[in-house]
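Written below as structure tokens is the structure these notes are about.
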Amino acid sequence: MTLTIRHAIELAWNRGDKEAMAPILGSAVIQGNAKPTNSEYLHLIADYIRRNLKER
């Protein structure tokens, strides 16, 4: 399971649309083009989901 998550994050980072990821991962991460660690990536996504759930 862990390898599957790592692989998904790697694919999302390498093949994904950086502009579309900016609101989720933050523009600083995207502009610096430095790939976040797996745990940072998951943390950023979790924060985005939490923020959007509170707004509803």
Side-chain angles (χ1 to χ4, degrees):
M1 175 86 148
T2 303
L3 292 177
T4 305
I5 293 170
R6 289 180 187 169
H7 184 67
I9 291 171
E10 188 71 26
L11 288 178
W13 185 258
N14 291 331
R15 298 182 187 175
D17 180 1
K18 300 285 194 288
E19 295 292 323
M21 286 191 274
I24 298 169
L25 301 179
S27 59
V29 172
I30 302 303
Q31 289 173 355
N33 208 22
K35 180 182 167 265
T37 65
N38 294 333
S39 60
E40 288 172 334
Y41 192 93
L42 292 173
H43 177 75
L44 291 167
I45 290 172
D47 280 347
Y48 177 80
I49 292 170
R50 267 189 236 120
R51 282 193 310 268
N52 285 312
L53 286 177
K54 285 182 181 179
E55 291 175 4
R56 289 183 176 195

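Checked against side chain to side chain contact (heavy atoms under 4.5 Å, CB included), Asn14 has the following partners two or more places apart in sequence or in another chain: Glu10. Evaluation of the side-chain hydrogen bond (donor to acceptor under 3.5 Å, both in side chains) rule for Asn38 yields no partner, not counting sequence neighbours. For Pro36, the side chain to side chain contact (heavy atoms under 4.5 Å, CB included) partners two or more places apart in sequence, or in a different chain, are Trp13, Val29, Glu40, Tyr41.
Separation of atoms OG (Ser39) and CD1 (Ile9) is listed at 8.5 Å; rounding is to 0.5 Å. Here the straight-line distance linking atom NE2 of His7 with atom CD1 of Ile5 works out to 12.5 Å at 0.5 Å rounding.
Residues Leu44 and Leu53 share a single hydrophobic cluster, defined by chaining ILVMFWY side chains whose heavy atoms lie under 4.5 Å apart.
Between Ile24 and Ile45, some side-chain heavy-atom pair lies under the 4.5 Å cut-off.
Evaluation of the salt bridge (Lys or Arg N to Asp or Glu O under 4.0 Å) test over residues 14-26, restricted to residues two or more places apart or in two chains, returns none.
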